Amino acid sequence: MKIVFFGSAHFAVAALEALIKSSHELVCVVTQPDKKKGRHLHVAGTDVKSTAVAAGLKTFQPEDIKSKESVNFLRKLEAELFVIVAYGQVFSQEVLDIPKIMPVNIHASLLPRYRGAAPINWAIINAEKKTGISIIYVSLKVDSGPVILQKEIKIEENDSAISLEEKLRDLGAELLMEALRMIGSRSYRLLEQDEDKVILAPKLKKEDGLIDWSGSAADIHNQIRGVLPWPGAFTCYRGKILKIFQADVLPIFPNHKPAAGEVVRADKHEIIVACGRGFLNLKELQLEAGKRMSGQNFIIGHKLKVGDILE
RNA sequence: CGCGGGGUGGAGCAGCCUGGUAGCUCGCAAGGCUCAUAACCUUGAGGUCAUGCGUUCAAAUCGCAUCCCCGCAA
């Protein structure tokens, strides 16, 4: 089938690679414009762009996908399918009507649960036991079109948003190919989403990474795993930002009734911090301007003491 | 030229402002104590102080340039 691929985030790369390997005809890869990014504002394209360029594909990077120029350009491609994966722009009905068969999207959740830009992160933050991939027919309202294919995956206790994304990325590519086969042979059904079961998963904000030590250790643990790789869970230590990458939950710690955020143990074995309920053993941290390091190493150099408060 | 922090034995840091003996905690090695130990005591090995140039009698420290790393902001 003649396909136009839309994608920008790293999540989209696996699907793009699968399409490149397949027998489908990729007529164009659409991705976000190159932007200045990073510490020194170097101009850089998306991962999708470099993958497409390496494969010798035509690319298109409009500022606005809904503009007249974009629409005209896309019409000329005469595609049968649009495959949209983490593209970053919202489509107009005019654009969605362009492909001859349909526009499809890979979404990293079990829709209608976790509609939005950060489904993987929110599934972990909300302590879900499972999530998955949905292949949907794209409708005007974001992530709300009927489902073509869906598959679930277990969220492991030690999964972070990063490891879970890797798993879902591969599963998404796999499921996409299956969905394309079904579409190609007209052997699919569209299942409307149950609007009563919708859960939203909006893009993460910086403050979603701020740790509230009065919460339970389990919740904070989920937050730490869920807000990676950005913004990362963080707290404040001596006026500097302290990022926490990894921690273990300890339900109890002997004879202690400390304030939330208080360090109750700090020796060369472990750093234990009190939460509103339960305790956390901090395993991997990074102080502003410093390197990422284990709890033990942090103690050795930073003179963190019992009684210090994180906030 | 967006703002800021950092690079010091194997690890994490102090020292820099106010130039003059390379410091701390940990790890490592050897020895001791101990029923024993991740505990304790002794001793020891291990460093181009990111790189280059400059200032100076003298530079980890002051100045200029370069490389690398990190936090913020987008």
Side-chain angles (χ1 to χ4, degrees), chain A residues 6-13 30-50 61-65 86-90 116-118 120-121 160-162 165 201-213 220 223-248 250 252-256 261-273 279-311:
Chain A
F6 297 74
S8 298
H10 190 65
F11 186 79
V13 174
V30 184
T31 189
Q32 293 276 41
D34 293 353
K35 277 183 188 152
K36 286 185 179 183
K37 60 180 182 185
R39 212 162 269 118
H40 300 290
L41 303 184
H42 292 306
V43 176
T46 62
D47 290 344
V48 166
K49 182 180 181 184
S50 38
Q61 300 178 276
E63 281 295 337
D64 179 7
I65 196 68
Y87 173 54
Q89 289 192 42
V90 177
I120 302 170
N121 307 85
S160 69
I162 295 171
E165 185 191 307
K203 195 153 120 182
L204 291 177
K205 296 192 290 284
K206 180 68 186 170
E207 56 261 38
D208 290 320
L210 180 62
I211 294 173
D212 173 8
W213 292 103
I220 295 173
Q223 180 186 14
I224 291 169
R225 299 188 297 142
V227 298
L228 293 170
W230 189 91
F234 61 92
T235 185
C236 194
Y237 168 63
R238 295 190 181 178
K240 286 190 170 183
I241 289 172
L242 178 65
K243 288 198 157 196
I244 300 174
F245 292 99
Q246 214 188 92
D248 286 344
L250 267 62
I252 46 163
F253 189 78
N255 60 35
H256 225 282
E262 185 178 345
V263 176
V264 297
R265 178 167 183 189
D267 56 31
K268 65 180 162 181
H269 303 296
E270 46 200 6
I271 303 174
I272 296 178
V273 180
F279 299 81
L280 278 180
N281 178 2
L282 308 186
K283 307 279 264 194
E284 199 177 356
L285 356 162
Q286 177 177 41
L287 193 61
E288 180 180 328
K291 281 189 205 145
R292 186 165 167 167
M293 67 186 83
S294 69
Q296 286 93 329
N297 276 340
F298 187 84
I299 284 292
I300 287 165
H302 287 91
K303 305 187 170 60
L304 182 73
K305 302 185 302 293
V306 169
D308 282 352
I309 304 285
L310 303 176
E311 54 195 349

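In what follows, chains are A, B, ... by sequence order, proteins preceding strands, each numbered from 1. Everything numeric here is computed off the predicted structure, so don't read it as measured data. Any value given below was found using the heavy atoms of this structure, including those in side chains, with hydrogens, waters and symmetry copies removed.
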Asks: Measuring from the side chain of A:His269 (C-beta onward, heavy atoms only), which nucleotide among B:A38, B:G12, B:G5 has the closest atom?
Replies: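 The listed nucleotide nearest to A:His269's side chain is B:A38.
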Asks: Send over the distance from A:Asn297 CG to B:C13 P, rounded to a whole Å.
Replies: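 Distance, rounded to whole Å: 8 Å.
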Asks: Please classify the nucleic acid contact of A:Lys35 as base, sugar-phosphate, or nothing, using heavy-atom distances under 4.0 Å.
Replies: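 Nothing, no heavy atom under 4.0 Å.
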Asks: Using modelled atom types and a 3.5 Å cut-off, is there a donor and acceptor pairing between side-chain atoms of A:Gln246 and backbone atoms of A:Ser294?
Replies: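 Not a single qualifying donor-acceptor pair exists.
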Asks: With A:Lys240, which residues qualify under side chain to side chain contact (heavy atoms under 4.5 Å, CB included), at least two apart?
Replies: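 Side chain to side chain contact (heavy atoms under 4.5 Å, CB included) check on A:Lys240 returns A:Leu287, A:Glu288.
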Asks: List for me each residue that meets salt bridge (Lys or Arg N to Asp or Glu O under 4.0 Å) alongside A:Lys49, sequence neighbours excluded, and say none if there are none.
Replies: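 Salt bridge (Lys or Arg N to Asp or Glu O under 4.0 Å) check on A:Lys49 returns A:Asp34.
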Asks: Taking salt bridge (Lys or Arg N to Asp or Glu O under 4.0 Å) as the test, write out the residues that go with A:Asp212, two or more places apart.
Replies: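 Scan of A:Asp212 (salt bridge (Lys or Arg N to Asp or Glu O under 4.0 Å), adjacent residues dropped) gives none.
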Asks: How many whole angstroms separate atom NZ of A:Lys203 from atom C1' of B:A74?
Replies: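 The distance from NZ of A:Lys203 to C1' of B:A74 comes to 11 Å, rounded to the nearest Å.
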Asks: When rounded to the nearest Å, what value does the distance between C1' atoms of B:G10 and B:G4 take?
Replies: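 Rounded to whole Å, the distance is 30 Å.
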Asks: Distance between the P atoms of B:G5 and B:G46, in whole angstroms?
Replies: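 Comparing P positions in B:G5 and B:G46 gives a spacing of 36 Å.
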Asks: Is the shortest side-chain N/O distance from A:Lys291 to OP1 or OP2 of B:G6 below 4.0 Å?
Replies: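 For B:G6, OP1/OP2 do not have a side-chain N/O of A:Lys291 under 4.0 Å.
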Asks: Just how far, in rounded Å, is P of B:C13 from CD of A:Gln296?
Replies: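 For the pair A:Gln296 CD and B:C13 P, the rounded distance is 14 Å.
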Asks: Nearest to the side chain of A:Lys240, which nucleotide is it out of B:G5, B:C13, B:G71?
Replies: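 Out of B:G5, B:C13, B:G71, the nucleotide with an atom closest to A:Lys240's side chain is B:G5.
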Asks: Between atom CH2 in A:Trp230 and atom P in B:C72, what is the gap in whole Å?
Replies: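 Interatomic distance, CH2 of A:Trp230 to P of B:C72: 9 Å.
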Asks: Taking atom C1' in both B:C3 and B:U61, what distance in whole Å separates the two?
Replies: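 Straight-line distance between the two C1' atoms is 26 Å.
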Asks: Nearest of B:C13, B:C72, B:G71 to any side-chain atom of A:Gln286?
Replies: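 Nucleotide nearest to A:Gln286's side chain: B:G71.
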Asks: Quick test of your reading: applying salt bridge (Lys or Arg N to Asp or Glu O under 4.0 Å), list the pairs with at least one residue in residues 291-304 of chain A, sequence neighbours left out, ordered by first then second residue.
Replies: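 Listed by first then second residue: A:Glu284-A:Arg292.
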Asks: For nucleotides 26-29 of chain B, print each protein N/O atom paired with a nucleotide N/O atom at under 3.5 Å, atom names and distance only.
Replies:
from, atom 1, to, atom 2, distance (Å)
B:G27, OP1, A:Lys268, NZ, 3.3

Asks: Between B:A45 and B:A29, how far apart are the two C1' atoms, rounded to whole Å?
Replies: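 Approximately 7 Å lies between the C1' atom of B:A45 and that of B:A29.
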Asks: Scan the side chains in residues 230-238 of chain A for donor-acceptor partners under 3.5 Å anywhere in the protein, sequence neighbours excluded, and list what turns up.
Replies:
from, atom 1, to, atom 2, distance (Å)
A:Thr235, OG1, A:Trp213, NE1, 2.9
A:Thr235, OG1, A:Glu311, N, 3.3
A:Thr235, OG1, A:Glu311, O, 3.0
A:Tyr237, OH, A:His302, O, 3.4

Asks: Below the 4.0 Å mark, does B:C72 have OP1 or OP2 next to a side-chain nitrogen or oxygen of A:Lys206?
Replies: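 The answer is yes; a side-chain N or O of A:Lys206 sits under 4.0 Å from OP1 or OP2.
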Asks: Going by atom types only, do A:Thr46 and A:Thr31 share a side-chain donor-acceptor pair under 3.5 Å?
Replies: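 The criterion, which ignores hydrogens and geometry beyond distance, is satisfied for A:Thr31 and A:Thr46.
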Asks: Under 4.0 Å: is that the gap between some side-chain N or O of A:His302 and OP1 or OP2 of B:G12?
Replies: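 No, because none of the side-chain N or O atoms of A:His302 sits under 4.0 Å from OP1 or OP2 of B:G12.
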